[in-house]
Amino acid sequence: MSKELPISAHSPIKTARTSVIARSQTTKQSRRNTGLPRAPSQLGVARNDGCERLQLPSQYNPAEIEADIYRKWDESGFFNPDKLPARHKKPFTIIMPPPNANGALHIGHAVFVTLQDIMIRFQRMRGRRTLWLPGADHAGFETQVVFDKKLEKEGRDRSGIPRDELYREMLEFSLENKKIMEDQLRKLGASCDWSRKKFTLDPDIIKKTQETFVALYDDGLVYRGERIVNWCVKHQTALADLETKRIEEKAPLYYFQYGPFVIATARPETKFGDKYVVMHPRDRRYKEYKHGQHIELEWINGPIVATVIKDEAIDMNFGTGVMTITPWHDPVDFDIAERHTLDKEQIIDRRGKLLPVAGEFAGASIKDARPLIVEKLKAKGLLIKTEEEYSHHISVCYKCSRPIEPQILPQWFLKMAPLAKKAIEAVEKGKIVFVPGRFKKIYFHWLRNIRDWNLSRQILWGIRIPAYFCLDCEGFPDGGDYDQTRQRMENTMMWREHDPQWFTALDPRSCPQCGSHKIVRDADTLDTWFSSGQWPFLALGYPDAKDYKTFYPTDVMETGWDILFFWVARMIMLGLYRTGRVPFKTVYLNGLVRDKDRQKMSKSKGNVIDPLGVAALYGTDAVRMALTVGNLPGNDIIISEDKIRGYRNFATKLWNIQRFILLNDDAKTVRGAPKFNAKDRKAQKELKTLVKIVTKDLEAFRFHHAAEKLYHYAWHTFADKIIEDAKPRIASADPDERRAALKLLIEIQTTLLKLLHPFMPFITETLWEKLPASRSKATKGLLMVEQWPE
RNA sequence: GGGCGGUUAGCUCAGUGGUAGAGCGCUUCGUUGACAUCGAAGAGGCCAGAAGUUCGAUCCUUCUACCGCCCACCA
């Protein structure tokens with residue numbers, strides 16, 4: 001296993017120690033060292049029978065108990081909605097966003113695990129029949145990129161490895177990571193139902209995903225088209241529009257003489273095939289030229305005949321108002337060519353090298369060729385001028401940041417407009433609510449301007465497109481090396497067992513048109529978001545499973561706002577298409593985690609906080625609290641080790657609150673009805689108010705607020721005031737005073753542990769075990785299924 | 001080019017139409033029986049700027065300035 005792999009997460013302490021936080025710690029440390037040493041005898045010494053009974057050391061040590069507690073929960077069966085006590089009736093469902101099975105969990109995962117677990121635990125205690133369904137995503141392109149890096153480190157290369165062998169190796173790699181990831185979810189306290197976990201490459205998921213593709217095809221929504229796509233030269237695959245990002249680039253803008261016209265371009269290397277010159281139909285400067293008119297002119301490699309095209313896409317105010325087009329390598333040009341049924345010629349191959357059409361420049365890379373071409377045009381006297389600092393936007397691959405080289409490729413596209421229309425309606429009608437609400441606008445805007453979705457990926461890792469081609473009557477739609485690659489892959493393809501019999505376009509065994517048996521399957525795979533876009537209903541076993549009937553539509557979809565378009569919008573569209581119903585009623589979008597300096601966390605910056613590392617050091621509960629407080633929906637979260645340490649201290653505080661109670665508690669005093677005084681009653685009333693606030697906050701997804709209130713109450717009201725007030729009464733000789741004081745503390749602690757449980761499940765469950773409270777058989781003694789206080 | 005969010009204590013952020021809040025950090029003091037991973041006290045803010053609505057604005061409206069982000073096929 002290479003260093004970068006998740007296994008390294010098993011040395012968590014390293015992460016913490018190497019962090020920069022040490023400054024404040026050292027000051028504290030030194031101060032502590034100058035202070036008087038504590039008498040060691042005072043630690044954990046039993047002063048009375050109460051203390052002996054509880055055997056609580058003075059410090060909370062999460063590492064010792066967390067795994068144990070998790071096992072107890074798991075073994076109780078209560079993660080499974082079918083095994084919950086009878087009072088749990090109305091379902092409450094969250095489908096977990098399936099983490100990519102290609103690495104360890106990062107802090108962003110910890111955010112969603114925490115928030116979702118809070119909701120699930122809260123609803124479970126309130127008596128809902130909670131299902132939190134865990135899963136994992138094969139993450140097609142992402143995983144392939146990760147895997148290629150791994151190969152590279154091993155000095156290997158994917159070329160030459162047969163398709164099935166490669167696939168098997170990637171599957172193994174993914175399953176291994178998946179296991180690690182699942183184990184990490186347990187460590188974070190995720191109370192999800194492991195008996196229902198799903199993987200996007202489970203055979204039934206693959207089959208259903210392909211069925212959706214076919215259904216869309218039958219409905220005329222999926223079509224195959226020779227369309228311009230975003231081609232990444234490095235990754236050798238097409239990408240969806242969403243998988244590219246726009247960056248600003250400064251490049252020279254060249255003005256060339258093109259017959260009677262002057263044209264401007266930043267990409268001279270594409271201009272070899274330019275034989276159409278386009279201008280706006282109402283541009284008076286060029287009214288003497290007629291649409292379709294031929295003009296002879298001298299160009300890069302000799303004389304050519306250009307054709308005049310009039311199109312309204314031209315901006316009369318830009319440059320000279322005239323441009324030539326390269327339909328094969330530019331989306332705007334492609335559209336113009338489509339409108340006027342013009343020829344399209346490929347100039348650059350899929351490796352970014354110039355083709356024979358470039359004459360003497362054939363075989364050269366874009367970068368090398370560009371200055372040479374400019375030089376040649378200049379020598380021919382065709383270069384008019386150069387704007388050096390021309391700034392424009394270009395598309396780059398979101399993974400490698402290399403410029404996208406648009407290419408025309410036969411791909412499968414999904415018509416989005418009809419799907420988007422329904423997705424807009426569902427939200428307009430309030431069937432889905434966004435938290436925070438402002439994302440509604442962003443969602444609408446995107447859907448209203450949506451373009452068709454390229455589903456084809458020229459990668460191995462993923463769900464195979466269930467489409468077939470007849471070699472005899474169709475041949476492959478395109479030629480070249482791609483063709484050979486495809487055929488080589490074909491010979492060793494996997495997943496033969498899932499070959500669909502139902503594909504209506506072509507029969508895999510004989511061509512319905514010519515009867516030929518030379519049938520090959522499309523070697524491409526589906527965009528990974530096509531399967532994850534169906535996740536809520538697929539994971540629940542659509543259409544026949546009992547789970548689907550019981551738990552769909554789900555209640556909440558909780559995920560990062562950064563995948564609103566990638567995932568959430570597509571789940572809504574595909575969910576509505578396939579099931580006719582929305583996949584979830586509420587979308588809660590959490591922010592991205594940033595470090596102290598507002599920087600996005602990334603491995604390359606070295607500012608990542610490994611959630612499991614800090615959890616091992618400070619306790620999972622502390623990490624969860626740190627990720628909850630100050631975490632408003634849709635807002636980015638700033639996290640630092642200081643903050644986590646603060647909540648570790650809070651855990652210790654809770655621990656010692658209970659330690660104090662148990663230290664003084666003895667059955668004899670507590671027996672009998674307490675006589676509360678006015679101040680006690682006021683405290684009880686305050687507690688009731690707290691319950692109301694916290695409950696309301698949780699219902700309204702204000703987790704940050706609830707957590708802060710609880711923190712404040714436990715520490716500054718309960719510990720600092722109520723407990724301090726109780727001390728003299730506990731010491732008093734009057735048994736009534738003693739009893740009332742203690743009973744009050746126990747009462748508050750009981751409620752507090754319940755309220756805190758969704759946020760800090762481990763410590764509250766541990767303390768609950770030791771609390772002298774009534775236990776019902778139905779709960780098996782677990783706080784996890786106790787009744788939420790009213 | 002469209003759109004969104006932010007601007008409140010040194011830092012990270014809550015918050016409400018009625019003289020400003022938390023955590024962390026800082027200062028001083030205290031603490032041998034729950035907790036030093038602690039307690040008590042304290043310093044620290046024209047709530048970005050301007051105008052408007054209002055008896056009254058940090059909060060509502062408009063504009064401005066910065067910061068951040070998303071979307072976008074001007075060669």
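Chain naming here is simple, since letters A, B, ... match the order of the sequence lines and numbering starts at 1 in each. The figures here come from the full heavy-atom set of this structure, side chains too, leaving out hydrogens, waters and symmetry mates.
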**Prompt:** What integer distance in Å separates A:I657:CD1 from B:A34:P?
**Reply:** 13 Å
**Prompt:** Taking atom P of B:A34 as reference, at what distance in whole Å does atom CD1 of A:I661 sit?
**Reply:** 12 Å
**Asked** What integer number of Å spans the C1' atoms of B:U58 and B:G18?
**Response** 12 Å
**Message:** Does the structure show a Watson-Crick or G-U wobble partner for B:G1, both distances under 3.5 Å? Name it, or say none.
**Reply:** B:C71
**Message:** Determine whether a donor-acceptor pair (one donor, one acceptor, N or O, separation below 3.5 Å) exists between the side chain of A:K709 and the base of B:A22.
**Reply:** no
**Item:** Between B:G21 and B:G5 - P atom distance, rounded Å
**Value:** 28 Å
**Request:** Determine the contact category for A:K721: base if any of its heavy atoms lies under 4.0 Å from a base atom, sugar-phosphate if only primed atoms, P, OP1 or OP2 are that close, otherwise nothing.
**Result:** nothing
**Message:** Can you tell me the base-pairing partner of B:U58? Count Watson-Crick or G-U wobble geometry only, both distances below 3.5 Å, and say none if there is no partner.
**Reply:** none
**Asked** A:L767 pairs by side-chain contact (heavy atoms from CB on, under 4.5 Å) with which of A:L752, A:I661, A:L662, A:L753?
**Response** A:L753
**Asked** Would you call A:R739 and A:E747 a salt bridge, using N to O less than 4.0 angstrom?
**Response** no
**Message:** Base of B:C35, side chain of A:K653 - is there a donor-acceptor contact under 3.5 Å?
**Reply:** yes
**Item:** Out of B:C69, B:U37, B:G15, whichever nucleotide has its closest atom nearest the side chain of A:H704
**Value:** B:G15
**Request:** Using the P atom on both, measure B:A57 against B:G17 and round to a whole Å.
**Result:** 14 Å
**Prompt:** Which whole number of Å gives the distance between the C1' atom of B:G23 and that of B:G30?
**Reply:** 22 Å
**Item:** Pair A:R282 + A:E312: basic N to acidic O under 4.0 Å
**Value:** yes
**Prompt:** What is the ring orientation for A:H716 with A:Y711, classed by angle as parallel under 30°, tilted 30 to 60°, or perpendicular over 60°?
**Reply:** perpendicular
**Request:** Can you sort out the partners of A:H392 under ring pair (Phe, Tyr, Trp, His ring centres under 6.0 Å), two or more places apart, ordered by chain and number?
**Result:** A:Y390
**Message:** Check this one for me: any side-chain N or O of A:N649 less than 4.0 Å away from OP1 or OP2 of B:C35?
**Reply:** no
Quick test: give all pairs of protein nitrogen or oxygen and nucleotides 58-63 of chain B nitrogen or oxygen below 3.5 Å, distance rounded to 0.1 Å.
none

So which protein nitrogen or oxygen atoms get under 3.5 Å of nucleotides 71-75 of chain B's nitrogens or oxygens?
| residue | atom | partner | partner atom | Å |
| --- | --- | --- | --- | --- |
| B:C73 | OP1 | A:R451 | NH1 | 2.6 |
| B:C74 | O2 | A:D315 | OD2 | 2.5 |
| B:C74 | N3 | A:D315 | OD2 | 2.8 |
| B:A75 | OP2 | A:Y390 | OH | 2.7 |
| B:A75 | O2' | A:A264 | O | 2.8 |
| B:A75 | N6 | A:D315 | O | 2.8 |
| B:A75 | N6 | A:F318 | O | 2.8 |
| B:A75 | N1 | A:D315 | N | 3.4 |

**Request:** Any strand is fair game: report the nucleotide pairing with B:A48 by Watson-Crick or G-U wobble, both distances under 3.5 Å, or none.
**Result:** B:U64
**Message:** When you measure from the side-chain N and O atoms of A:N635 to the phosphate of B:A14, is any distance below 4.0 Å, counting only OP1 and OP2?
**Reply:** yes
**Prompt:** Hey, what do you get for CD (A:E226) to CH2 (A:W328), rounding to the nearest 0.5 Å?
**Reply:** 6.5 Å
**Pairing partner (Watson-Crick or G-U wobble, both distances under 3.5 angstrom) of B:C26** = B:G42
**Item:** Candidates B:G23, B:C24, B:C69 - which lies nearest the side chain of A:W561
**Value:** B:C69
**Asked** Looking at B:A34, does its base get a donor-acceptor pair with the side chain of A:E724 below 3.5 Å?
**Response** yes
**Asked** Just checking, A:R438 and A:W561: is the charged tip under 6.0 Å from the six-membered ring centre and within 45° of the axis?
**Response** no
